[in-house]
Structure formats: C-alpha cells, structure tokens
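Structure record follows, encoded as structure tokens.
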Amino acid sequence: MLIVRDLLDSKLRDTFRREIGRVDGIVLEVEPGAPPRVAWLEAGGPVAWRRASHTLARLDEALRRRWGARQTEPARLPWSAVASTEDGLRVTVDADRTPAMAWELWLREHVVHRIPFSGRGR
Amino acid sequence: MKKILEVFLGIVTGIGGFLEAGSLATSAQAGAQFGYQLTWALVLGALSLIVLVEASGRLAVVSRRTVAEAIRERFGFGYFSLPLVAGVVVSFLVLASELAVTGVALQLVTGISYRWWAFPVALGGWFLLWKGNFGIVEKGTGLLGLVSLVFLFAALKLHPDWGRLAAGALPSAPKEEGAQYWFGAVSILGASISPYLFFFYSSGAVEDDWKEEDLPINRITAGLGMGFGAGVSIMVLVTAALVFFPRGIEVARYEELAMLVAQPFPRFGFALFVLALGITCFGAAAEIALTIAYLAAQGWGIPWSENQKPAEHARFSLVYSAAFLLAPLLAAATDPLKLTNLSMAVTAASLPVSVLPLLVLLNDRQLMGEHRNRLPGNVALVLISVMAVVLLFVSIPLAFLGGG
C-alpha cells in the first residue's frame, strides 16, 4: 500500500458503513531506530485546505472562529481502528461520536429540523 | 421493456433538458449576427459534450465514483481545490443567470420586473430540491422542457436553407467583426460544454445506481440525448438567422427572443416561447444548484444524495439552500443577458481544470479495468483538452473585446 496514493483522500466510513469524510491528512509517528508508521488519520477541519493553499487554510480557520464553529480541530482516527481498506477505509468507530460529524449533527438539529418538509423523524 | 423505457426517458430528458439560458442566448445571438456561419461551434460543442458525458457516465458506472470523487482521490485535495473552486464560482454565476432569465419569462407575462421574480423563482427551485428527489429534478424538468421543441417547429415553418446550414457546420473565418465572431464561438462552446453537465450526469449515474450492464444505455443517452438536444440549440440559431439576421436585428435583451417563435406562430408562439424560456431555465437552475452541492459534498466525503430527505444529509441540503439564497441577489442586481454572456466566457475558461483529469482517469487501469479508454476515445479527449486550454487563454480577453 502506498500512503499518498492509496490512503490520502480516501473515503472514510464508520463501523455502520456511514460516510464520515475523507482522509484529509495522515499523522506519522517516528521512533528512534524504527521506520515511521501511520499513527492517525485526520478528517475535517482546515487540514485539507492547508494542502491546497495556506491563505485558504487561514481563511477557513478565521471563518470557523468567527462563526462559532462546532468543530475547529480535525477528527483524529487511530490507524488501529481501521478495519478494512477495500473501497475506501472503514474504521471501527461511530461517526456520530467523532468531531467530523459535529457540524452535520448541529445543523440537522438547529437548522434543518426547523424547516418544513425536512423529513424529521424518519 | 424497462430498459427501453429508460433509454427513451434518457434521450427525452437529454433533449428537454439541453436548452437553458446560456445555450439559448448564445445560439440566438450567433444566428442574429452571423446567420448560419457559427453552426460549426454548436456542432463542435455537441460532439465534445457527447464524448465528455459518455466518459463521465462510464467512469461513474465502472468505478462507482463520480467525476468529483475520482478527481479528489486520484489527484489529491491540492489539485481538486481548482475544479472545486472553479466549479462552484462558475455554477453560481450560471445559477444566477438561470434565475434571472426564468424571471424574464415571468416578467413577460406579468409585467413585474425579473429583479423581483428572481427571489420567488429561487424559492421554487429550492422547494423542488428540498421536497423532490433526483428523478423528479432530472426527468420532470427534462420532460416539461420538451416544450423547447417549439424552436424546431419554428425553424421548419420558416423554411431554412439546408445547404447553407450544412455549409455553416464547417468552420470559416469572418469577413468583419472578428472579435465578436470569435467571442460568439467561445460563448457557444462554454454554453455547450459546461462542466456542471458532466459533474451532474456522473452524480446521476450513482444516484440511479447504474450497473455495468447499463453502459449501453449510458452510450445511447449521451449520444442521442445530447446530440438531439444540441439539435434544438441549432434550431434556435436557425430561427435567429431567418428572423433577425436579414433585418439586421442584434439581440440585446432576452425579451426580444420571443419574436423567434412569435413570427412563425403569431397566435400562440409568444405563449410557447414564455413556457420554453421559463421551464428550461428553471430546470437548469435546479440542476446547477444541485451540482454545487454535489461538488462540495463529494469533495469532502460528506454524505450526499438527492434521493434522501434533507434531515439525512444536513450539510448537503444546506449547500444548495445557500446557493438558492445568495444567487437571486446577483440575479436581481445585473442584466440577465450580460450575466449570461459573462458566465459562458468564464465557463469556457474553467474547462481545462475539469476536462484534463478525465484523460488520466479514463486511462487508469485500476479504476476502469477493461472499460478504460481506447484510441478513438483518447484522441477525442486529447483534442477536447487542447481546445479547453485554448479557451482558457482566449475566452476572457474575447469577452472584453467582443462585447461580453
């Protein structure tokens, strides 16, 4: 497996096969005398923008601070939670309990549910 | 039987959903100013679109990924941010233009300015996406959009010179007004090969859960649906060449286009024109707003589907809601025809960032397996890519020189 080609930007699914996001960043752990190893996968937050442009990443961070963001830090999922690497990555976590879904849940509760015909309760 | 119906619906929605503010305005302006001479740009645009739509549908079916998802995975977020930002900006401009022109159709009936109508039209489009599903958005608006066939009947009634039309299908240089002529060609290409069309189409293939056995349907829908759809645009050019060109009338406002149908059909032509203008632009607005949400959600891996209730996919639903909230502000503040012309030029300039990756993706053995591109497909994609790069450099300067 090649880290950048096969891991970075892959789709992340939770233990119930629900989409969490994409692998926006990879955190490597380096210990003396051992080869680097993948420790964490990052999803959400300004991580992705940082890869495209530092200016856009700073803008993203400023907007998050300004608008009282639910989630300022990316979700960090341990590599040990990866259960499958077929068709994206499946991790043994509940998406709703990760920061990656914080905005989704907040918007659903505070905005979408208050608009008629949103399908609340289905 | 089900497959035949699917093919039929695919072709019909391709025809009914083809015409929108951009293709209508650019074809009519070209016919009014240069007669049949710019037909070649429409033919070239249609052929390019057929290749791109077939390729993006095949990519979605075989890889189970939309074009946006595949670009992000294969090229990374750094590159993906280019088609993402370009796609969202261009689609937003086109959305505002579709809302304004739907407003013009309502203005023609009520006398109330399109500036006011842009807001209720946006609300209607939002409600269609919020309450409806993908089938209603695509097939519903496509079927109603068949009223645009009125341009075919108008052209036939006016007895076009088929020989000169065929001659116009071959590119030729203008004798005068060079900048306007080439700007017309660029705008037609921008209107024909909008990246939103293949982002939307590949998302639809995933929404409709197409399988590999549906690949022939993809080929037929792309070829005949888009081909006949482009035929309607050519008929707009033909009517403009017959109604406006001999009288030296240049199109300055959308309202003037009513003459294209009202002259051959004096009794009910005006009503049919208003219906065609309103329905096709409203349908395009819904599809474009949905495409903005598709692009954002697929790029970030946010759950998305127009076939689910908004509460299931809050962020996805709120992206198109935000688009419908902001676009009428731009629609109300600008001249619809100028906004359309500008957005077509910007669309043409944005083509390379979306088209070039297709060449790599369609040849990816891991992604496409036995369905990867063969030589003819690659030659076509390379030619389209070269054209897209040329458009990148000439479209914006021509918009200033040629009256965008």
Side-chain angles (χ1 to χ4, degrees), chain A residues 2 4-14 16-26 42-57 60 70-71 75 87-89 95 100-122, chain B residues 62-66 68-86 88 123 126-133 206 296-322 324-325 353 357 360 364 366-367:
Chain A
L2 298 173
V4 173
R5 195 195 68 182
D6 300 326
L7 276 189
L8 201 56
D9 297 300
S10 291
K11 201 177 272 184
L12 277 166
R13 290 181 193 277
D14 77 351
F16 308 110
R17 297 183 188 279
R18 293 178 302 181
E19 287 175 44
I20 305 177
R22 287 188 178 274
V23 180
D24 295 319
I26 296 171
E42 290 184 322
V47 181
W49 283 118
R50 224 174 272 150
R51 288 165 55 201
S53 147
H54 284 287
T55 311
L56 289 175
D60 181 71
R70 303 287 104 193
Q71 165 222 351
D87 195 25
L89 298 177
M101 293 299 279
W103 263 113
E104 178 76 23
L105 297 174
W106 189 87
L107 289 169
R108 183 185 300 167
E109 189 59 35
H110 293 86
V111 183
V112 174
H113 277 173
R114 295 180 183 187
I115 303 172
F117 308 112
S118 65
R120 183 179 192 172
R122 285 206 175 204
Chain B
V62 178
S63 73
R64 313 297 305 151
R65 285 162 177 79
T66 65
E69 289 174 329
I71 293 178
R72 162 102 202 237
E73 285 178 27
R74 185 69 172 73
F75 296 91
F77 188 82
Y79 181 82
F80 175 73
S81 62
L82 295 175
L84 172 70
V85 172
V88 169
L123 185 66
W126 169 80
F127 188 72
L128 177 67
L129 296 190
W130 193 262
K131 191 80 179 80
N133 57 34
V206 174
Q298 291 162 8
W300 262 278
I302 293 170
W304 60 273
S305 173
E306 174 57 11
N307 288 327
Q308 300 284 328
K309 294 287 171 194
E312 301 289 321
H313 301 321
R315 285 172 290 181
F316 171 72
S317 314
L318 289 175
V319 171
Y320 66 68
S321 303
F324 271 127
L325 194 68
V353 291
V360 177
D364 189 317
Q366 206 178 337
L367 210 56

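As a basis for the values below, the full set of heavy atoms in this structure was taken, side chains included, without hydrogen atoms, waters or symmetry mates. Given the structure is predicted, the values throughout are model-derived calculations rather than measurements. Chain letters run A, B, ... following the sequence lines, proteins first, then strands; residues in each count from 1.
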Open item on the list: Is A/Ile20 in contact with chain B via its backbone, its side chain, both, or neither, using a 4.5 Å heavy-atom distance?
Closed with: backbone
Open item on the list: Is A/Val4 in contact with chain B via its backbone, its side chain, both, or neither, using a 4.5 Å heavy-atom distance?
Closed with: neither
Minimum heavy-atom separation for [X] to [Y], with atom names?
X	Y	answer
B/Gly76	A/Asp9	CA-OD2, 3.0 Å
A/Arg51	B/Phe77	NH2-N, 3.3 Å
A/Glu19	B/Pro303	O-CG, 3.6 Å

Open item on the list: Is it the case that the side chain of A/Trp49 and the backbone of B/Ser81 share a donor-acceptor pair, with hydrogens and angles ignored and the cut-off at 3.5 Å?
Closed with: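 Not at all, since once roles are kept as given, no pair shorter than 3.5 Å links the two residues.
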Task: Donor-acceptor pair, side chain of A/Arg22 and main chain of B/Gln298, under 3.5 angstrom - done: yes
Rounded to the nearest 0.5 Å, how far apart are [atom1] of [X] and [atom2] of [Y]?
X	Y	atom1	atom2	answer
B/Ser317	A/Ile115	OG	CD1	8.5 Å
A/Arg108	B/His313	CZ	NE2	9.0 Å
B/Glu73	A/Leu7	CD	CG	11.5 Å
B/Arg72	A/Lys11	CZ	NZ	11.0 Å

Open item on the list: My understanding is that only residues two or more places apart in sequence, or in another chain, count here; which of them pass ring-ring contact (aromatic ring centres under 6.0 Å, His included) with B/Phe80?
Closed with: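 B/Phe80 satisfies ring-ring contact (aromatic ring centres under 6.0 Å, His included) with no other residue.
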Proximity breakdown for [X] and chain A, heavy-atom pairs closer than 4.5 Å:
X	result
B/Ile71	neither
B/Glu69	both
B/Gln366	side chain
B/Ile302	both
B/Arg65	side chain

Open item on the list: Counting C-beta onward and ignoring hydrogens, is there a side-chain heavy-atom pair between A/Phe117 and B/Pro310 closer than 4.5 Å?
Closed with: no
